[in-house]
Amino acid sequence: MAEDQTKRKFYLTTPIYYANSRPHVGSAYTTIACDVIARYKRMCGYDVAYLTGMDEHGVNIERAAEKQGISEQELVDRNCKIFQDLWTLLGISNTHFIRTTSGKHARGVQELIRRTRRVSPDAIFKRKYEGRYCIYDNLYVSDSPEPANCPTCGRPAELVSEENYFFRLSAYQEKLLDLYKQNPQFVVPDFRFNEVKSFVESGLKDISISRKSIKWGIPWPDDPEHVFYVWYDALTSYMTGIGFGSAGEKDRAEFARYWPADIHAMGKEIIRFHAVYWPAFLMAAGVQLPKQIVAHGWLLFEQEKMSKSKGNVAYPEPIVKAFDELTGAKVGNDALRYYLLRETVFGQDGNFSREALIARYNADLANGLGNLASRTLTMISNYCGGVIPDAHTGAGPFSKSYTDFIGAFSEVSLQIILEAYDVFGFAGAILSIWELIASADRYLVLEKPWALASESARRDELERVLYAAAESIRFVTILAHPVIPDATEKIWHQLGLPGSVASQRIDRVLDADRKLLPGTHIRKPEGVFPRIDKKEALERIEAMENEIRNSGSSRSGAAQPRATEATSGSGTSGAAATAAQPGTSGQAAATAATGATLATPPAPAANTKISIEDFAKIELRVGVVKSAEKVQGADKLLKLLVDIGDEVRQVLAGIALAYQPEQLVGRKVVIVANLAPRKLRGQESNGMLLAASDGADGKPVLCTFAEDIMPGAKVK
RNA sequence: GCCGGCGUAGCUCAGUGGUAGAGCGAGGGUCUCAUAAUCCCUAGGCCGUGGGUUCGAUUCCCCCCGCCGGCACCA
C-alpha cells in the first residue's frame, strides 16, 4: 500500500476463493503465479497492487456451517484464516485482501447496482425465475424450467420459481464482440479467447443475479428480500478490494489510482464469467473495463484418475513443510513455486507429481543454483579472505572462456528473460536463467580457480574468475527472485549486499553502477538448498497429507463434488486424469461446469422428507431394451426402444459415453413411465432411465435387476 | 454434431521445406572449489497412419486413427 505516485501503477487479482473448504495445490498455483507477476512488476519499477481474497457467501457456506454447528461467520472466519496462513507460508506479496462478508464489499456491490440503474436503466429487470432444484441435495440444477436431473444424485429435479433480478446480458453481445475486436489481447491464451468469442457469438441469455431463497448474502438495495447471487457479488470484489463504494477519502483515491485492473488471472474454468459477464456488468455501470483476462490451465494429479479412496488431492502445506523440516531450512516454498512454474506451460494443463517436484528440487535448485552459490562463495571465502575480489576488467589477456562467459550475461539474455516474464512464459524464463547457471558451472570447470589459487603468479586470473562467477550469481539471483523469493534473498545476503533483492530493478541488472563492488565482505556461505532424499520426502509429505485428510478440514462443507471434477474426466476410460481447479471457488466451479447455479433452500437438506403420496406420483416400471442406437449429432444420447409390458416406448438417455448400444439390448432397466414427453435432438423421449452416477467422473450406471422380472412390473 | 488444439528419443517437451533437437532419467568417464555436487561422452527415435503438393516434408494440404479443450447435448 506504499503508494508512490511517481511510479506507474499495476493492478492484478486472483479470483476470490470459496470459503467452504481448504485450498489445494490448484488455488496455490493461481496465487503463486500472480505473486510472480506482482514481484516481477515491482522489480520493473511499478507500483503494484495485488488483490486476493475470499468468496464467503452462498448456500455451501450455509450448509457447511450448519453441519458443523457453527455460524456462517464463524465458518468463513475459520477457513479464511487457513487461506491467509497459506499465503503467508508461500510468501505471497498481496497488498490487498478482500472478503465478501465485509461491510465495505457489501456497500460496493450495492453501489455498483445503483450506478447501473442510473447509467443503464434497462440493464436490470425483475422477472420470474424458473429453474430446476433438487430437493435431496438442495441445489439448483438448472436455470431453465425444462426437466433436469440432479448432477449429484441423478434424481429428477423439482420445478421452482421465484421473482429474481436479472441482468440483460443479451443486450451486450455486440458491445462485447466489439471490445474483443478492439483488444486482441483481452483474453490470453489466444485459444481461450477464441472460445470466449464463439460463446458470445452463439448468443447470450439474460442471467439471474439475485435470489430470494438465500439468506447468507448481500441484500439487494431497497429490496432486502433478495440477496445478490454468486457472480455479481464475487466479481465486484475486484473493485471493492481497492476501495470502490467507500466514502472515505483514502479509499476513493486508491480506487481512482489502481482501477482498472491490468490483469485478472484465473483458472480456465471461470474464464467466461470474467471475459463475458464482468465486462458487461461494468459497461452497464459505466465503469472502466479491466485490461486483460489471463487464464491458466489445470494441474493434473500424478497422471492418474482421481479417486476418493486414493485421496490423491494435493495440498500445498505438506509439501512446503516437509521440505522445510527435512532440510532444516526454509526451502519448501521455493521448491513448490519453482516446480509449479518450471514444469508447466502457463495456460496449458500441467502435471503435478510429488516425485517430479523432488527431482526438480534436487537437480535444479540443490545441484544447480544452490551448489553454484555454495562453491563460488566458498572459494571467495577461502582464496580471497571473504572479500569480493577485483574484476580485473582493465587489462587482458582475456581467455576465450572468460569472454564467452561474460557474453552470456548480456543485454540479449536479459531481454529474452524479461520478455518471457512479460508474456507469462515462466517456464521459458526459468529455462533461460538456468542456462546461465549451467554456463557458470562450465566456466568454473574450464578456469579451475582452485588450481589458480595455488599459483601466486596467477592471482589476477583467479580474482577475475571469482569476480565473474560472483557477478553471475548476483545476476541470476535478481532474475530468479520473482520465482524463488526465499533463497534469492539468502544468497543476496551471503553476497554481502545491502537491502533486499526484492527492491532491485530487474530490468537494470546490467547497469554498471549496480555491479558487485570489489572489497565487499561476503557473509558465511551456507547451503541454500540442501539436497533431499526422495523416499523420505515422499513419506513425510504423504503422512502430512493424511493428517489433513483425517482432520476432516479438507472438505468442511463440500456436500457435493464440484462439477468440474466430473467434467475433467470427460467420460473417457482408463487414463483420464483429474484436475485441480486452480483459482476456483467451489461455487464458481459448479457454476462454470453445469451452467447451473447453487443456492440454498429455506429448509435444511437432510431433513427434507416427502410423503408416500409424493412418491406414489412417480410411476416406475421395469422395461426391457429392445433396441438401441446412437443419436446423430449428440455425443451422449442413445435412442432406446423399451418394452414396458403393455407398450414399447422410445426413450432417449444420456448414457452413450458409458454404454455401447449393442450391450444394452435385452437388458432390464427401470424407467420413469409417467414423465412428460420431451423432444431431444428432434427425437421424442417418453420416459427416463434410472441410473446412478459415480461421483468421480459422473458416469451413469444403469439400475437393473439380479432376478428375473417381467417387463411392465411396477417398481415401488 | 460444430469449432479449435495435440500426437517428435523411457519421461517432459522445443523445432525447421532439404538427410532430427533440449532438459530429466539411465550408462560410462573426469575434476575436487562445492550440497556423493560440477564438467565431458553416450540415446541411433517409422518426427501417429495413409495419401497429395514439391526436385525434396517431420515441417504445407487432405483423409483416417488416438488424445485433449470449448460449445451443443446428458428426462
Side-chain angles (χ1 to χ4, degrees), chain A residues 132 146-149 151 154-157 189-192 194-199 201-202 268-269 271-272 297-298 303 327 342-345 348-351 353 356 359-360 362-368 370-383 427-428 431 434-435 437-438 440-453 465-466 469 525-532 567-568 570-572 575-577 594-595 631-638 651-658 671-672 675-681 685-691 693 698 700:
Chain A
R132 288 282 160 173
E146 298 292 300
N149 283 346
R155 288 179 273 209
D190 55 352
F191 62 93
R192 294 281 165 224
N194 289 336
E195 290 170 3
V196 167
K197 287 176 194 164
S198 66
F199 174 77
E201 279 161 3
S202 73
K268 64 184 181 182
E269 72 285 350
I271 192 171
R272 184 196 306 171
W298 287 347
Q303 292 288 9
T327 59
R342 166 66 182 79
E343 201 80 349
T344 61
V345 177
Q348 292 176 18
D349 290 353
N351 299 313
S353 144
R360 275 277 166 224
N362 279 331
D364 295 359
L365 296 180
N367 298 351
N371 184 240
L372 175 65
S374 169
R375 68 196 302 201
T376 306
L377 291 167
T378 301
M379 283 190 279
I380 290 175
S381 180
N382 291 345
Y383 307 147
L431 214 59
W434 257 255
E435 263 169 39
I437 293 173
D441 274 326
R442 222 172 296 134
Y443 174 62
L444 288 174
V445 167
L446 286 169
E447 299 286 359
K448 298 186 177 52
W450 49 91
L452 295 175
V465 171
L466 291 183
E526 262 174 68
V528 289
F529 291 121
R531 280 180 65 86
I532 195 165
T567 54
S568 66
S570 74
T572 57
T594 59
V631 173
Q632 286 283 313
D635 280 352
K636 299 184 181 176
L637 277 184
L638 289 184
V651 176
L652 300 196
I655 56 174
L657 293 177
I671 89 164
V672 182
L675 201 63
R678 162 99 194 271
K679 273 207 168 179
L680 284 172
R681 284 269 147 195
S685 180
N686 272 300
M688 181 177 84
L689 291 196
L690 252 43
S693 67

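Chain identifiers are assigned alphabetically (A, B, ...) following the order of the sequence lines, protein sequences preceding nucleic acid strands; residue numbering begins at 1 within each chain.
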**Asked** Which heavy atom in A:Thr327 sits nearest to a heavy atom in A:Arg531, and how many Å separate them?
**Response** CG2-O, 4.5 Å
**Asked** Counting only Watson-Crick or G-U wobble pairs whose two distances fall under 3.5 Å, which nucleotide matches B:C74?
**Response** none
**Message:** From C-beta outward on A:Arg442, which listed nucleotide comes closest to its side chain: B:G70, B:U35, B:C40?
**Reply:** B:C40
**Fill in**
Taking a pair to mean Watson-Crick or G-U wobble geometry with both distances below 3.5 Å, B:C6 pairs with B:G66
**Message:** With rounding to the closest Å, how many angstrom separate the P atoms on B:C60 and B:G7?
**Reply:** 11 Å
**Asked** Base, sugar-phosphate, or nothing for A:Ala359, non-hydrogen atoms under 4.0 angstrom?
**Response** nothing
**Asked** When every nucleotide of nucleotides 2-9 of chain B is labelled 5' to 3' by its protein contacts under 4.0 Å (heavy atoms), B for base, S for sugar-phosphate only, - for none, what sequence of letters results?
**Response** --------
**Item:** A:Tyr443 vs A:Val465 side-chain heavy atoms within contact, under 4.5 Å
**Value:** yes
**Item:** Exercise: identify the closest heavy-atom pair between A:Ala366 and A:Phe529
**Value:** CB-O, 3.2 Å
**Item:** Euclidean distance for P, B:U8 against B:G45 (whole angstrom)
**Value:** 15 Å
**Message:** Nearest to the side chain of A:Trp450, heavy atoms from C-beta on, is which of B:C71, B:U32, B:C39?
**Reply:** B:U32
**Asked** Counting side-chain heavy atoms from C-beta on, which of B:C71, B:G69, B:A34 comes nearest to A:Ser374?
**Response** B:A34
**Asked** Side chain of A:Arg531: nearest nucleotide among B:A37, B:U38, B:C39?
**Response** B:A37
**Request:** Could you work out the separation of B:A57 and B:U19 based on their P atoms and round it to a whole Å?
**Result:** 12 Å
**Prompt:** Is B:U38 paired to anything, Watson-Crick or G-U wobble with both distances less than 3.5 Å, and if yes, which nucleotide?
**Reply:** none
**Prompt:** If you check the A:Phe199 side chain, which of B:G69, B:C71, B:C39 turns out closest?
**Reply:** B:C71
**Message:** Please give the distance between the C1' atoms of B:G25 and B:G15 as a whole number of Å.
**Reply:** 22 Å
**Item:** Nearest-Å distance once atom P is located in both B:G27 and B:G18
**Value:** 37 Å
**Request:** Go through B:C33, B:U35, B:C39 for me and flag the one nearest to the A:Val528 side chain.
**Result:** B:U35
**Separation between the P atoms of B:G70 and B:C11, rounded to whole Å** = 26 Å
**Message:** Output the rounded distance in Å from OH (A:Tyr443) to C1' (B:C40).
**Reply:** 19 Å
**Of the listed nucleotides B:G69, B:U38, B:U35, the one nearest the side chain of A:Phe529** = B:U35
**C1' spacing across the pair B:C13 / B:G28, given as an integer number of angstrom** = 26 Å
**Message:** Checking base pairs now: Watson-Crick or wobble, both atom distances under 3.5 Å. What partners B:U30?
**Reply:** none
**Request:** Would you check if the side chain of A:Thr376 reaches a backbone N or O of A:Ala373 as a donor-acceptor pair within less than 3.5 Å?
**Result:** no
**Message:** I need the CG-P distance between A:Leu377 and B:U35, as an integer number of Å.
**Reply:** 12 Å
**Nearest heavy atoms of A:Leu466 and A:Pro449, plus distance in Å** = CD2-CB, 4.1 Å
**Request:** Go ahead and name the base partner of B:G17; Watson-Crick or wobble counts if both distances stay under 3.5 Å, otherwise write none.
**Result:** none
**Asked** With rounding to whole Å, what would you report as the distance between B:A20 and B:C73 at their P atoms?
**Response** 49 Å
**Fill in**
Any strand, both distances under 3.5 Å, Watson-Crick or G-U wobble: B:A43 pairs with none
**Asked** What nucleotide, of B:U38, B:C33, B:G69, holds the atom closest to the side chain of A:Asp441?
**Response** B:U38
**Prompt:** In whole angstrom, what separates A:Arg272's CZ from B:A72's P?
**Reply:** 6 Å
**Nearest listed nucleotide, side chain of A:Arg342, among B:U38, B:G23, B:G70** = B:G23
**Asked** Could you give the distance from CG (A:Leu444) to CE (A:Met379), rounded to the nearest 0.5 Å?
**Response** 5.0 Å
**Complete:** From CG of A:Asn362 across to P of B:G25 the rounded distance in Å is 9 Å
**Pairing partner (Watson-Crick or G-U wobble, both distances under 3.5 angstrom) of B:U49** = none
**Asked** Are the side chain of A:Asn362 and the backbone N or O of A:Asn367 linked by a donor-acceptor pair below 3.5 Å?
**Response** no
**Request:** For A:Leu444 and B:U38, give me the distance from atom CG to atom P, rounded to whole Å.
**Result:** 13 Å
**Minimal non-hydrogen separation, A:Pro525 against A:Thr378, with atom names** = CG-N, 4.0 Å
**Fill in**
Whole-Å distance, A:Ile437 CD1 to B:C39 P, equals 11 Å
**Fill in**
A:Asn367 atom CG is separated from B:C39 atom P, nearest whole Å, by 9 Å
**Fill in**
Per atom distances to the A:Arg360 side chain, the nearest of B:C33, B:G70, B:G23 is B:G23
